[in-house]
Amino acid sequence: MTTIAYTKTRFAPSPTGLLHSGNYRTAVFSYLFARQHGGQFVLRIEDTDRARSRKEYEDNIVESLAWLGLEYDDFSRQSEHVGAHRAAIQKLVDSGAAYVSQETPKTPDARAEVIRFKNPGGVISFADVVRGAVSMDVSDLGDFVIAKGFDEPIFHLAVVVDDADAGITHVIRGEDHISNTPRQILIQRALGLETPVYAHLPLILAADRSKLSKRKGAKALTEYREMGVLSEAMLNYLALLGWHPEDDCEYLSRADLMARFSLDRVQKSGAMFDETKLFSVNQHWMRALSDAAYGTYLGRGEAIPPALLQLCKDKAHTFKEAQDLLTKLNVELYGALLPDLNEGTLRVKEPSDQPSATRKHLTHLLLLIERLPDDVGAATIKDVLMPYADQEGRAAVLWPLRYALSHAERSPDPFTLIAILGKNEALNRIHKALAILKE
RNA sequence: GGCCCCAUCGUCUAACGGCUAGGACAGCGCCCUUUCACGGCGUAAAUCGGGGUUCGAUUCCCCGUGGGGUCACCA
């Protein structure tokens with residue numbers, strides 16, 4: 001005899017704003033858990049609050065999930081399930097578990113008639129996968145509202161009905177829902193429904209250790225994509241927020257996560273969202289990209305020379321940063337901002353007892369570079385020039401070369417510069433430098 | 001405030017009740033070096049406090065403290 005090990009989880013966001021990383025972290029955990037159990041993961045848009053729900057937010061959710069690669073087996077909107085909600089409300093009212101309540105509206109848009117759940121009181125306990133046994137006295141909840149009318153369910157009723165109808169076995173959600181759970185269990189019982197397994201995840205925290213929110217400056221997930229964060233990196237970082245593998249390995253691919261994730265190792269306390277670490281993880285995955293793929297993300301196709309690409313891989317933490325770097329370099333190397341050469345700076349590494357060393361070195365380098373084939377890489381250029389630099393003194397040779405090429409005290413190394421500028425332009429610039437030399 | 005949850009370096013975290021409390025990010029330092037980076041090496045940095053239980057508590061129990069969540073006709 002085998003029990004059918006059936007697992008189904010869901011991500012149930014409400015489309016009332018752009019969701020941030022904390023929201024998607026729960027989606028990541030739900031997805032990983034379902035998939036590694038051979039189960040299903042579904043997306044349900046919780047749009048029962050029609051006044052605040054917007055299509056553009058729903059689109060953003062779909063887009064974000066696609067970006068993260070969290071495919072879902074089913075898509076639905078809570079508003080499509082009103083029939084089931086109505087039937088459930090009717091059933092509760094008929095059985096006496098709920099009642100239509102006449103009241104004086106406290107706010108302008110409040111109804112004079114709502115449906116309240118008749119709270120039986122007592123202590124509700126449930127076993128949370130993350131937190132263990134949780135119990136709460138529901139008496140002080142009073143007779144809570146479950147619907148504004150037979151066709152307008154409130155969150156708690158709708159969630160319970162939808163999860164049951166969809167056959168959700170594990171509800172994985174943020175800890176902010178933990179105190180909602182007892183009242184949802186109450187509704188389940190009154191409806192004769194099974195209680196799913198709950199796993200309440202620790203919250204993702206803002207810098208002040210309070211719940212991450214847009215108000216606290218949390219970015220929408222899609223903003224990170226626009227900044228040039230890789231999906232793989234975001235997934236990796238999100239998984240590390242409140243979870244950690246057995247060993248010290250922190251760079252985990254999608255496949256690694258699928259193989260290694262487990263709810264047992266989920267942390268109980270909240271985790272602060274650290275953008276710096278996200279960017280560091282992103283840099284790791286950016287470097288792991290092939291040159292071709294890297295170029296594609298940069299949006300400059302194959303036009304990007306290997307020397308520039310290497311420069312980006314060395315320095316950039318995001319593709320936005322890489323693009324900025326290229327733009328800045330372009331402006332600095334070719335733009336109107338190219339400063340005039342300063343003779344003193346050109347000769348700053350010149351040994352004081354060799355007043356014509358700079359002229360001599362640049363003149364010799366000119367010869368070496370002239371003999372270089374066209375379009376060679378930085379590595380080859382280095383191989384050709386380095387022996388001379390080593391022989392004559394690296395600083396005395398390479399500093400004036402680099403300065404002559406870049407007109408800047410700080411820049412990429414001279415070999416990379418020659419590769420970027422091209423042989424002819426490099427020669428021109430060295431000639432220009434020689435021209436201002438008085439000795 | 002009521003109820004609920006939580007507590008290891010600045011941050012994310014590791015440590016069957018048993019090594020010198022480990023790693024990563026960020027810091028700092030050194031090396032590499034033609035500058036800025038990259039890289040390599042190293043360093044500083046934590047078990048909230050008090051009681052228990054135990055031969056032995058980061059780990060288990062209690063109290064305190066601190067932090068967070070939640071208390072809607074939002075989700």
Side-chain angles (χ1 to χ4, degrees), chain A residues 12-17 45-49 51-53 78 101 103 105-107 109-116 128 130-132 134-142 144-149 152-156 158-159 173-183 200 202-203 205 207-211 237 240-251 265 267-281 283-284 287 310-311 313-316 325 345 348-349 385-386 389 393-403 406 408-416:
Chain A
S14 64
T16 52
I45 303 291
E46 308 240 312
D47 57 349
T48 48
D49 184 351
R52 295 197 302 149
S53 295
Q78 199 150 52
S101 168
E103 27 203 277
K106 292 193 181 89
T107 57
D109 51 344
R111 311 301 166 85
E113 189 181 280
V114 292
I115 297 156
R116 288 185 180 273
D128 189 282
V130 176
R131 270 144 235 285
V134 178
S135 59
M136 239 173 275
D137 190 334
V138 291
S139 305
D140 41 337
L141 254 35
F144 51 91
V145 175
I146 55 170
K148 290 189 257 187
E152 286 179 281
I154 288 301
F155 170 66
H156 301 292
V159 163
R173 52 170 28 166
E175 193 198 347
D176 47 349
H177 282 294
I178 202 163
S179 47
N180 289 329
T181 306
R183 85 179 70 185
H200 287 96
L203 262 15
L205 275 25
D208 63 356
R209 301 211 73 90
S210 69
K211 185 166 75 161
Y237 179 67
L240 253 21
L241 246 26
W243 174 84
H244 199 274
E246 312 69 56
D247 55 29
D248 286 332
C249 181
E250 291 197 322
Y251 295 122
R265 294 186 64 82
Q267 204 76 13
K268 289 189 181 73
S269 53
M272 201 180 280
F273 187 83
D274 182 359
E275 205 169 68
T276 305
K277 179 138 183 179
L278 164 65
F279 290 154
S280 153
V281 171
Q283 183 174 49
H284 173 266
R287 286 176 175 168
Q310 192 51 51
L311 210 57
K313 278 194 170 180
D314 281 352
K315 302 195 183 196
L325 179 69
T345 309
V348 78
K349 304 274 182 177
L385 305 188
M386 235 12 215
R394 290 183 176 183
V397 173
L398 298 175
W399 173 274
L401 174 61
R402 196 183 54 71
Y403 179 65
S406 67
E409 296 194 40
R410 293 175 183 182
S411 78
D413 67 80
F415 319 112
T416 298

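Quick note on labels: first sequence line is chain A, next is B, and so on, each numbered from 1. What you are looking at is a predicted structure, and each value in this text was computed from that prediction instead of being measured. For the numbers below, each heavy atom of this structure counts, side chains included, while hydrogens, waters and symmetry mates do not.
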**Q** Have a look at A:T107 and say if it touches a base, only the backbone sugar-phosphate, or nothing, with a 4.0 Å heavy-atom cut-off.
**A** nothing

**Q** Using a 4.0 Å heavy-atom cut-off, does A:S135 contact any base of the nucleic acid, only the sugar-phosphate backbone, or nothing at all?
**A** sugar-phosphate

**Q** Counting side-chain heavy atoms from CB outward, which of B:rU8, B:rG23, B:rG69 is closest to A:E250?
**A**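 Closest of the options to the side chain of A:E250: B:rG23.
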
**Q** Would the base of B:rA7 count as contacting A:K268 through its side chain, where contact means a donor and an acceptor less than 3.5 Å apart?
**A**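 Donor-acceptor pair under 3.5 Å: no.
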
**Q** Identify whether any heavy atom of A:R287 sits under 4.0 Å from a base atom; if not, whether one sits that close to sugar-phosphate; answer base, sugar-phosphate or nothing.
**A**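 Sugar-phosphate, backbone atoms only, no base.
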
**Q** Would you mind reading off the distance between A:R402 atom CZ and B:rU33 atom P, rounded to a whole angstrom?
**A** 16 Å

**Q** Take atom C1' in B:rC30 and the same atom in B:rC63, then report the distance between them in whole Å.
**A**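 Those two atoms are separated by 49 Å.
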
**Q** Heavy atoms under 4.0 Å, any strand shown: does A:P105 hit a base, just sugar-phosphate, or nothing?
**A** base

**Q** Indicate whether OP1 or OP2 belonging to B:rU70 is found under 4.0 Å from a side-chain N or O atom of A:K211.
**A**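 The answer is yes; a side-chain N or O of A:K211 sits under 4.0 Å from OP1 or OP2.
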
**Q** So which heavy atom on A:S14 is nearest to which on A:E46, and how close?
**A** CB-O, 3.2 Å

**Q** Between B:rU11, B:rG69, B:rA14, which nucleotide has the shortest distance from any of its atoms to the side chain of A:H244?
**A**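 Of B:rU11, B:rG69, B:rA14, B:rA14 is nearest to the side chain of A:H244.
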
**Q** Closest approach to the side chain of A:D176, judged atom by atom: which nucleotide of B:rU11, B:rA75, B:rG69 is it?
**A** B:rG69

**Q** Assign the ring pair A:Y251 / A:H284 to parallel, tilted or perpendicular, where the plane angle (0 to 90°) is split at 30° and 60°.
**A**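 Correct class here is parallel.
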
**Q** Just by modelled atom types, is the A:D274 backbone N or O under 3.5 Å from a matching donor or acceptor in the A:Y237 side chain?
**A**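 Checked: pair present.
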
**Q** Ignoring the backbone of A:R116, work out which of B:rC36, B:rC73, B:rA7 is nearest its side chain.
**A** B:rC73

**Q** Quick one: label A:D109 by what it contacts on the DNA or RNA (base, sugar-phosphate, nothing), any heavy atom closer than 4.0 Å.
**A**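 No contact.
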
**Q** Determine whether more than 12 heavy atoms belonging to other residues, nucleotides or ligands lie under 6.0 Å from atom CD of A:E409.
**A** no

**Q** Return the nucleotide paired to B:rA37: Watson-Crick means purine N1 to pyrimidine N3 with N6-O4 or O6-N4, wobble means G-U with N1-O2 and O6-N3, both under 3.5 Å.
**A** none

**Q** Search all heavy atoms of A:Q283 against all heavy atoms of A:K313 and return the closest pair with its distance.
**A**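 Distance-wise, the nearest heavy atoms are NE2-O, 4.3 Å.
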
**Q** Rounded to whole angstrom, note down the P distance from B:rU47 over to B:rA21.
**A** 11 Å

**Q** Of all the nucleotides listed (B:rU13, B:rC74, B:rA75), which has the minimum atom distance to the side chain of A:R52?
**A** B:rC74

**Q** Of the options B:rU35, B:rG23, B:rG69, whose atoms approach the side-chain atoms of A:K277 most closely?
**A** B:rG23

**Q** Sort out the partner of B:rC55 for me: Watson-Crick or G-U wobble, both distances under 3.5 Å, none otherwise.
**A** B:rG18

**Q** So what does A:E409 touch, heavy atoms closer than 4.0 Å: a base, only the sugar-phosphate, or nothing?
**A** base

**Q** Name the pairing partner of B:rC48, where a pair is Watson-Crick or G-U wobble with both distances under 3.5 Å, or state none.
**A** B:rG64

**Q** When the C1' atoms of B:rG2 and B:rC55 are compared, how many Å lie between them, rounded to an integer?
**A** 44 Å

**Q** Tell me the closest heavy-atom pair linking A:R287 and A:D314, and the distance in Å.
**A**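 Of all heavy-atom pairs spanning A:R287 and A:D314, the closest is NH2-O, 2.9 Å.
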
**Q** Quote, to the nearest angstrom, the P distance that separates B:rG64 from B:rC5.
**A**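 Rounded to whole Å, the distance is 15 Å.
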
**Q** Is any side-chain heavy atom of A:I154 closer than 4.5 Å to one of A:F144?
**A** no

**Q** State the OG-CG distance between A:S406 and A:L401, to the nearest 0.5 angstrom.
**A**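 Here the rounded value is 9.0 Å.
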
**Q** Where each residue is assigned the nucleotide of RNA chain B containing its nearest heavy atom, which of A:S179 and A:W243 is assigned the position nearer the 5′ end?
**A** A:W243

**Q** Please state how far atom CZ in A:R173 lies from atom P in B:rG69, giving the value in whole angstrom units.
**A** 17 Å

**Q** By the 4.0 Å heavy-atom rule, please label A:Q267 as base, sugar-phosphate, or nothing.
**A**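 The answer is sugar-phosphate, as A:Q267 gets under 4.0 Å only of primed atoms, P, OP1 or OP2.
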
**Q** Identify which nucleotide among B:rU34, B:rC73, B:rG39 has an atom closest to any side-chain atom of A:A110, counting heavy atoms from C-beta outward.
**A**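 Selected nucleotide: B:rC73.
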
**Q** Partner lookup for B:rC32, please. Criteria are Watson-Crick or G-U wobble with both distances under 3.5 angstrom; report none if nothing qualifies.
**A** none

**Q** Rounding to an integer number of Å, can you tell me how far A:D247 CG sits from B:rA24 P?
**A** 13 Å

**Q** Indicate, with a heavy-atom threshold strictly under 4.0 Å, whether A:G174 touches base, sugar-phosphate, or nothing.
**A** nothing

**Q** Measuring only the P atom in each nucleotide, how far is B:rC19 from B:rU11? A whole number of Å is fine.
**A**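 Per the computed distance, 25 Å lies between those P atoms.
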
**Q** Is any side-chain N or O of A:R410 closer than 4.0 Å to OP1 or OP2 of B:rC36?
**A** no

**Q** From B:rC12, B:rU34, B:rC74, pick the nucleotide closest to the side chain of A:L241?
**A** B:rC12

**Q** Across the strands shown, which category fits A:S411 at heavy-atom distances under 4.0 angstrom: base, sugar-phosphate, nothing?
**A**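 If one applies the 4.0 Å heavy-atom cut-off, A:S411 turns out to touch a base.
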
**Q** Under 4.0 Å, counting only non-hydrogen atoms across every strand here, what does A:F273 touch: a base, just sugar-phosphate, or nothing?
**A** nothing

**Q** Would you say the base of B:rC5 and the side-chain of A:R131 have a donor-acceptor pair closer than 3.5 Å?
**A**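 Per atom types, no contact qualifies.
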
**Q** Could you give the CG-to-C1' distance, from A:L240 to B:rA14, as a whole number of Å?
**A**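 Taking CG of A:L240 and C1' of B:rA14, I get 12 Å after rounding.
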
**Q** Please tell me which of the listed nucleotides, B:rG2, B:rU11, B:rG68, lies nearest to the side chain of A:M272?
**A**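 My answer, after comparing the listed nucleotides, is B:rU11.
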
**Q** In whole angstrom, give me the gap between the C1' atoms of B:rG49 and B:rG67.
**A**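 To the nearest whole Å, 15 Å.
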
**Q** Quick one: look up who B:rA24 pairs with, Watson-Crick or G-U, both distances under 3.5 Å, and put none if it's unpaired.
**A**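 Base-paired to B:rU11.
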
**Q** So which heavy atom on A:K268 is nearest to which on A:V130, and how close?
**A**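 In this case the closest contact between A:K268 and A:V130 is CE-O, 3.4 Å.
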
**Q** How far does the C1' atom of B:rA44 sit from the matching atom of B:rC28, given to the nearest Å?
**A**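 So the two C1' atoms sit 7 Å from each other.
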
**Q** Starting at CD of A:Q283 and ending at P of B:rG39, how long is that distance when rounded to a whole Å?
**A** 6 Å

**Q** Counting side-chain heavy atoms from C-beta on, which of B:rC5, B:rA7, B:rA37 comes nearest to A:E175?
**A**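 Within the option list, the nearest is B:rC5.
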
**Q** Answer with yes or no whether A:K315 presents, from its side chain, a donor or acceptor under 3.5 Å of a partner atom in the base of B:rC36.
**A**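 Per atom types, the contact qualifies.
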
**Q** For B:rC38, does the O4'-C1'-N9-C4 or O4'-C1'-N1-C2 angle fall within 90° of 0, making it syn, or is it anti?
**A**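 It is syn.
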
**Q** Whole angstroms only, please: what is the CD1-C1' distance between A:I146 and B:rC73?
**A**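 Between C1' of B:rC73 and CD1 of A:I146: 12 Å.
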
**Q** Would you classify A:R265 as touching base, sugar-phosphate or nothing, given that sugar-phosphate means primed atoms plus P, OP1 and OP2, and contacts are heavy atoms under 4.0 Å?
**A**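 If one applies the 4.0 Å heavy-atom cut-off, A:R265 turns out to touch the sugar-phosphate alone, with no base involved.
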
**Q** Could you measure between the two C1' atoms, the one in B:rG22 and the one in B:rA46, and give it in whole Å?
**A** 12 Å

**Q** Could you pick out which residue, A:M136 or A:F155, lies toward the 5' side of RNA chain B when each is mapped onto its nearest nucleotide?
**A** A:M136

**Q** For A:P202, report the nucleic acid contact type (base, sugar-phosphate, nothing); a contact means any heavy atom under 4.0 Å.
**A** nothing

**Q** Within the structure shown, what part of the strands sits under 4.0 Å from A:H200 by heavy-atom distance: base, sugar-phosphate, or nothing?
**A**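 Here A:H200 touches no strand at all.
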
**Q** At under 4.0 Å between heavy atoms, what does A:R209 touch on the DNA or RNA strands: base, sugar-phosphate, or nothing?
**A** sugar-phosphate

